[in-house]
Amino acid sequence: MSDRTAGIGEPAATEEKAANRKGPGFSRLFRTYGTLTIFILLVLLASTQSDAFLTERNATNLLRQMSGVGIMAIGMLFVILTRGIDLSVGSIAALGAVTSAMFVQDMSMPMAVASVVLIGAACGAVSGFLIAFLRLPAFVITLAMMTGARGLALILSNGQPVMPGTSGQGLQNFGTSFTLGLPNPAWLMLSLFAIAFLILNFSRFGRLVKAIGSNEEAVRLSGISVPWYVASVYVISGALAAVAGLLVTARSGVGSAQVGVAAELDVIAAVVIGGASLMGGRGDVVNTFIGVMILGVIGNIMNLAGVPGYHQQVYLGVIIVVAVVLQNSAQLFRR
Amino acid sequence: MSDRTAGIGEPAATEEKAANRKGPGFSRLFRTYGTLTIFILLVLLASTQSDAFLTERNATNLLRQMSGVGIMAIGMLFVILTRGIDLSVGSIAALGAVTSAMFVQDMSMPMAVASVVLIGAACGAVSGFLIAFLRLPAFVITLAMMTGARGLALILSNGQPVMPGTSGQGLQNFGTSFTLGLPNPAWLMLSLFAIAFLILNFSRFGRLVKAIGSNEEAVRLSGISVPWYVASVYVISGALAAVAGLLVTARSGVGSAQVGVAAELDVIAAVVIGGASLMGGRGDVVNTFIGVMILGVIGNIMNLAGVPGYHQQVYLGVIIVVAVVLQNSAQLFRR
Amino acid sequence: MTALIELDDITKTFAGIHALSGVNFTLHAGEVHALCGENGAGKSTLIRVLGGEMRPDGGTIRIDGEAVRLSGPMDAIYRGVSIIHQEMALAPDLTVAENIFLGELPARIGWSELNRRAGELIDRLGFDISPRALVADLSVAHQQVVEIAKALSRKARVIVFDEPTAVLSIGDANRLLEIIRGLRSDGVGIVYISHRLDEIFAISDRVSVLKDGRNAGEVKAEDANVETLIRMMVGRPLSQLFGDKPETDIGKEILRVENLTLPNGVAGISFSLRRGEIVGLGGLVGSGRTEVARAIFGADAISSGTMTLGGAAYRPRSPTQAVKNGVNLVPEDRKGQGIVLDMGINKNMTMANINAVARMGFFQPRKERGVVGALIKSLQIKLGAPSDPVSSLSGGNQQKVVLAKWFHSGGDVVILDEPTRGVDVGAKTEIYSLIHKMAAAGKAVLVISSEHAELFGLCDRVLVMGEGRLRGELGPDEFTEERLLTLSIGGGDRQGREAMA
Amino acid sequence: QDGDCSVGIAMYTLGAPYFAAQAETARQVAEEAGCEVRVADGQNDMVKQIGDVEDMVAAGIDILILNPRDAQGLVASANMASAQGVHVIAIDSTLDPSADFITQIQSSNTANGELVGQWLANELNGEPARIALISGSQGNLVGRERRLGVLRGLMDAQLTSQGDADIEVLGQGWGNWATEGGLTAMEDLLTAHPDINVVLGENDSMVLGARSALQAAGRLDEVILVAAADGQKEALQLIKDGEYGATGLNNPNEIARRAVEIGLQAMNDELPEGLSKLTYTDPAAITQENVDQYLDPESVF
Ligand SMILES: Nc1ncnc2c1ncn2[C@@H]1O[C@H](COP(=O)(O)OP(=O)(O)OP(=O)(O)O)[C@@H](O)[C@H]1O
Ligand SMILES: Nc1ncnc2c1ncn2[C@@H]1O[C@H](COP(=O)(O)OP(=O)(O)OP(=O)(O)O)[C@@H](O)[C@H]1O
Ligand SMILES: O[C@@H]1[C@H](O)[C@H](O)CO[C@H]1O
Ligand SMILES: [Mg+2]
Ligand SMILES: [Mg+2]
């Protein structure tokens with residue numbers, strides 16, 4: 001058995017596979033750059049529709065406008081990677097918006113921010129516990145959290161917008177000013193995306209989150225405590241949603257319980273346009289960011305081009321479909 | 001196998017199991033009667049909270065109020081059985097509400113109704129085609145349809161309530177009157193549930209829909225054209241959503257594009273509370289009906305008992321969680 | 001006599017890969033024609049072509065001498081060709097009867113009629129399964145029976161079995177072979193694919209071998225023996241299937257299990273494992289071997305009993321605790337439980353011991369590359385690049401990745417549940433030598449297998465389970481199929497022989 | 001002169017007839033004046049509306065008609081637009097007066113409420129008020145002003161005429177500003193509290209829905225219907241027919257028309273002297289007596 005290394009039990013197939021198979025190679029390529037392609041196409045289209053589009057001011061606007069959705073999309077990406085879904089982000093954002101306006105009145109800024117993040121994380125922990133440890137369906141649990149957190153935000157604020165008062169000036173200054181030419185909310189979003197990139201690609205946590213979405217049982221039988229990881233992604237999502245809510249308060253100067261109604265749909269759409277699969281295991285940070293920007297550009301250009309309100313909704317629907325078709329075109333063509 | 005012929009029309013029952021294995025037997029029992037148990041508990045609780053609850057009038061209200069959600073839940077059940085989801089039902093209901101008010105003005109009643117149903121079915125067909133034949137993710141496609149159909153309803157109605165005028169009197173008469181002591185909308189819902197029961201349990205179509213959610217590949221390999229079935233469930237869901245919208249017009253006497261905002265969440269919650277699994281293959285008509293009633297009773301009793309608005313949302317969230325925990329308790333205890 | 005099926009010069013390529021090139025295959029009524037070959041040789045592809053699930057790129061399919069173009073699975077079924085798949089094609093949420101008639105349910109279903117007809121078919125196969133049972137509640141063996149009943153319901157004249165026994169214990173496998181013999185005498189033509197060569201000889205009239213998508217030869221079963229078949233499959237003789245058992249010192253006892261009782265009927269299991277020892281665990285399907293393994297690994301709950309590990313009390317509440325204590329499990333269901341298919345080979349390999357290649361929760365890429373490289377080398381895994389997804393590997397190599405994972409994690413006790421299921425002979429010998437390496441490294445190895453030859457060739461002693469009880473233990477001098485079956489069935493020798501027949 | 005004038009209309013929602021009509025009138029008036037118009041639908045989302053304003057300013061509008069989602073939340077947006085030289089007019093919903101804008105045009109919910117409350121007190125004529133309240137959406141400030149306005153007016157009128165007040169709000173339902181919402185809310189209220197004699201809604205749409213519920217229950221005759229606001233034409237028709245009590249005047253078209261006109265004046269440097277920062281439309285309770293003054297079957301809303 002001297003030559004056991006030479007292809008016993010191994011059809012010469014695998015080497016060939018890597019070398020020759022164009023299909024999956026192309027598909028992989030599109031899976032990686034498909035979102036980018038869609039984005040570029042959209043930008044090209046947009047710049048023919050309005051001169052205002054390719055201006056620095058508009059780019060700045062766009063980044064700032066999408067900062068909330070972007071931050072929530074990061075958390076949602078983690079959740080979706082584990083095959084989950086989080087419908088509660090919009091409501092938790094509302095809770096974050098309200099509590100941040102309340103807390104800055106009596107606490108130091110860092111304490112206030114930390115408390116807001118903690119509240120969001122706690123909401124996420126409740127959902128996460130029920131989903132991960134009691135194995136209840138994420139859709140319904142986070143739907144319940146969506147209802148509950150919104151109710152809580154309304155109760156806390158008594159249904160009234162909460163004015164942070166003069167003590168909230170620091171927060172509002174942060175929310176409305178620029179650093180190195182970019183709005184602070186945009187910086188915050190970009191840094192969180194960068195951190196998420198590092199975590200997802202280079203950390204034990206990120207890798208296992210992805211693995212759990214692909215095959216939870218295999219991960220469990222590798223000796224890993226799957227429920228902790230699954231619960232964690234909801235904690236992250238909740239914390240980030242609260243941050244998104246805090247940003248709204250920082251930008252607008254008022255803490256409102258009406259923040260983020262139906263935001264979960266935008267956020268999920270952005271993540272999926274970014275190529276993530278709701279069946280788990282597939283998705284990455286860079287494409288999620290591009291997905292967020294795609295969604296942003298769609299709305300932005302329709303405003304710039306003066307598309308009337310109701311028609312915007314119809315176009316939005318059509319463009320989302322086109323994006324998903326393109327996103328999946330590699331797969332479609334292969335068949 | 002002596003008693004093989006017994007239990008006609010009972011696809012799910014297996015004496016073998018009930019007899020031999022207690023764990024899963026109990027679980028099956030709860031899977032079948034769990035929803036009912038939750039419903040009964042809730043009714044008992046409700047009747048202690050308000051004297052008005054156990055009145056004929058209130059029962060009638062409840063049935064009538066839930067008729068729209070109930071009808072949409074039927075379609076959603078079919079969709080969910082195939083592992084899909086339909087977020088567009090609320091918007092298609094709006095389209096149905098608007099078009100029915102428009103059509104009764106110039107068409108005979110049967111023609112108008114048929115046209116409305118057709119429009120809903122057409123929306124469903126578009127989603128269904130994309131989901132079933134191009135294998136695009138249902139969540140995003142129906143999200144796009146949700147946006148698009150709402151936009152269409154708004155454009156058609158110009159954002160204004162559409163008054164069916166005197167020619168719409170027939171529709172309104174139907175919507176507001178009683179037959180044999182029950183409101184007509186309730187009758188409509190109950191008959192549709194009955195038809196769905198027959199289809200799901202006694203027709204090839206129903207069994208294959210269930211089979212597809214259970215193991216699509218198996219169905220495909222049996223030589224069945226899976227995409228047609230998958231597309232069909234969205235057509236059904238769309239058609240039923242349009243009917244639900246028509247009912248709203250019939251009840252309220254105006255066709256409004258605001259009908260059914262966020263209805264998809266109620267509808268999905270009802271189906272899941274009814275024990276259906278979002279992973280497909282599991283769910284039945286009777287429990288879905290009970291799920292709809294559970295959701296209805298929750299809202300109804302809080303209104304009757306005068307729970308303040310904001311708190312209602314928090315309670316609703318908690319009760320949904322409790323229902324899902326009970327629903328899954330068999331599974332939880334087994335572990 | 002015209003052949004029932006004639007496949008002539010069939011070619012099929014997948015994006016550059018020649019899965020089949022010019023393959024010929026014939027099948028007559030009333031014969032069993034076996035199809036052999038290594039993992040990835042093209043067996044499943046060939047029968048997908050035959051079953052109308054794939055259109056060949058070239059070649060002719062003749063049924064009853066008439067050239068046909070199959071438009072889809074239904075077309076093949078209509079012409080009397082039924083396929084029982086490697087991955088079972090049943091809908092678990094539906095009943096047995098529905099699954100049997102899935103492709104031909106009437107528009108309006110009459111349940112009593114449907115159940116009656118299903119019952120007749122199951123009776124004909126000699127099984128006692130309620131037509132109204134949910135498939136999800138059936139054992140794998142019974143699910144297999146449903147598949148066969150499904151084929152019978154379609155009045156199939158050709159039934160193709162793709163590795164039907166891979167998930168069956170020997171007892172059930174034997175019952176299946178009995179069914180196949182019955183079908184053959186009814187004039188049905190059978191194509192039989194298996195990696196178990198003993199079965200091939202037990203059942204088939206003719207054997208065709210595929211290698212790299214080409215015909216590597218066809219022989220009459222009575223003219224061939226294991227060696228000739230292996231030579232045709234692998235391209236050269238394979239002197240020793242089980243390799244040389246290296247002289248290892250059997251060391252101290254490491255795991256002791258006493259009176260282990262589980263909630264599902266497994267009870268009173270007591271045994272111990274020593275370092276350097278390879279112990280087999282045999283028995284029929286449902287005898288509870290997998291469940292014992294999972295309980296030791298902390299994957300399922302324990303009702304009562306005690307375990308000690310290295311002398312200390314051991315009662316894992318999760319696989320995490322088991323792994324921390326150095327107990328590892330290679331699960332029986334590779335794709336479902338062993339690997340993350342669409343993740344990189346490298347990432348799968350380090351998953352069970354990430355801390356060795358990470359610091360403060362972040363990976364050290366160089367260290368990981370080193371570990372992965374060493375594992376690939378020592379396990380001789382054939383792959384494109386270490387970062388390719390595991391799904392790009394053949395079954396045998398996938399199994400090696402699972403083994404590599406636990407090689408790397410460095411536990412003291414390794415439990416291997418059906419480690420060579422669905423793996424071709426070549427890869428098997430490599431896996432055996434890996435198992436030897438594990439033992440040589442001082443680990444205690446427990447091997448669960450339904451292939452008796454494997455247990456005997458590999459193990460120092462074999463524990464036998466039956467109906468949730470440990471029925472006995474065989475030393476090397478007692479390694480005969482008869483002894484093993486006698487123990488596992490729990491009756492006298494007569495019953496054992498019957499099951500063998 | 002096309003291109004010389006660009007008007008942005010930023011509505012916080014177009015998802016209700018009132019706002020759709022308001023935006024439509026503003027558009028018509030601006031287009032008649034030869035302006036290019038863009039309308040944005042904030043979809044009830046403050047963040048979206050902030051973005052809408054940013055986009056419109058980036059697109060180069062001269063006049064911004066803003067119906068703000070939040071009085072505080074849109075302050076920064078209004079300031080930013082003004083700083084870019086845009087002439088900002090706030091309509092309908094309140095924008096905090098600290099913001100930089102020309103004027104706010106709205107109806108006075110307090111004044112309207114006072115009048116409607118008075119009318120109701122007259123109608124009840126000493127009978128105690130047993131009210132089913134149908135509110136719009138939770139946390140909505142306009143709704144709060146409206147219900148409190150009417151209750152205040154009712155209380156004051158009773159005190160004035162009887163020396164005491166007997167007002168009981170038996171329950172509050174939520175109708176989401178919409179007809180079908182009012183219908184469902186009324187069904188539950190009616191079941192829980194059969195003994196009501198007044199339905200008070202925060203807009204006409206919901207009271208119209210409540211009316212259907214009362215009709216179906218055969219209770220129409222015993223109950224007075226009043227809305228705190230709008231003057232929707234369907235409600236006005238019923239008022240004329242004597243089947244609906246009263247509603248507060250909150251004409252979306254009037255508000256929109258005046259806003260655009262003031263915007264154009266500002267652009268042409270023709271603003272009237274002493275224009276105050278808050279412009280209320282004239283308050284009125286529309287009742288059977290004065291309904292002909294307001295009813296226009298051809299109007300959009
Ligand atoms: N759908 C497909 N797409 C791409 N390649 C495929 C596909 N199906 C099979 N192949 C490739 O074709 C070759 C033959 O595969 P096939 O499944 O027929 O092997 P097999 O002989 O059945 O192996 P095993 O014994 O492992 O089941 C393999 O290289 C495989 O990777
Ligand atoms: N006939 C059956 N009906 C229902 N469930 C069964 C049946 N047979 C087995 N099972 C289930 O599957 C388990 C099979 O046990 P287990 O997998 O541990 O056996 P094994 O000896 O490892 O067999 P295998 O060779 O299949 O791995 C049983 O405990 C039981 O839960
Ligand atoms: O004035 C409007 C309308 O009444 C609308 O229907 C709800 O919101 C108010 O602000
Ligand atoms: Mg195969
Ligand atoms: Mg096993």
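Every chain is numbered from 1 and lettered A, B, ... according to where its sequence line falls, protein lines coming before strand lines.
- Nearest heavy-atom pair, Leu221(A) versus Arg294(C), reported as atom, atom and distance to 0.1 Å: CD1-NH1, 4.2 Å.
- If you measure heavy-atom distances from Leu208(A) to chain C, the contacts under 4.5 Å come from the side chain alone.
- Both the backbone and the side chain of Ala299(C) come within less than 4.5 Å of a heavy atom in chain A.
- Within the 4.5 angstrom heavy-atom criterion, no atom of Arg334(C) approaches chain A.
- In Arg220(A), the CZ atom is crowded: over 12 heavy atoms of neighbouring residues, nucleotides or ligands sit closer than 6.0 Å.
- The nearest pair of heavy atoms linking Gly338(C) to Ala218(A) is C-CB, 4.0 Å.
- Across Gly281(A), Ser222(A), Gly206(A), the residue that shares the most heavy-atom pairs under 4.5 angstrom with chain C is Ser222(A).
- The part of Lys335(C) that comes within reach of chain A is its backbone (N, CA, C, O), which places non-hydrogen atoms under 4.5 angstrom from that chain.
- Although no hydrogens or angles enter the test, the distance criterion places a donor-acceptor pair under 3.5 Å between the side chain of Asn215(A) and the main chain of Gly336(C).
- Note that CD1 of Ile339(C) and OG of Ser214(A) are 11.5 Å apart. Values are rounded to the nearest 0.5 Å.
- Residue contact with chain A, scored on non-hydrogen atoms closer than 4.5 Å, involves the backbone and the side chain of Lys347(C) alike.
- Atoms CD and OG, from Gln321(C) and Ser225(A) in turn, are 8.0 Å apart once rounded to the nearest 0.5 Å.
- Interface residue Met351(C): backbone and side-chain heavy atoms are both found under 4.5 Å from chain A.
- Salt-bridge annotation for Arg207(A) and Glu368(C): present, with a side-chain N of the basic residue lying under 4.0 Å from a carboxylate O of the acidic one.
- Neither the backbone nor the side chain of Asn353(C) comes within less than 4.5 Å of any heavy atom in chain A.
- At least one side-chain heavy atom of Arg204(A) sits less than 4.5 Å from a side-chain heavy atom of Asn355(C).
- Within the 4.5 Å cutoff, side-chain heavy atoms of Val340(C) are placed close to those of Val219(A).
- Of the two parts of Val226(A), neither the backbone nor the side chain holds a non-hydrogen atom closer than 4.5 Å to a non-hydrogen atom of chain C.
- The most heavy-atom pairs under 4.5 Å with chain A, out of Lys405(C), Lys324(C), Gln364(C), come from Lys405(C).
- With a 4.5 Å cut-off on non-hydrogen atoms, Phe297(C) touches chain A through its side chain but not through its backbone.
- Contact of Val323(C) with chain A is made through the side chain alone, with heavy-atom distances under 4.5 Å.
- Across all their heavy atoms, Phe362(C) and Ser203(A) have their closest contact at CE2-CB, 3.6 Å.
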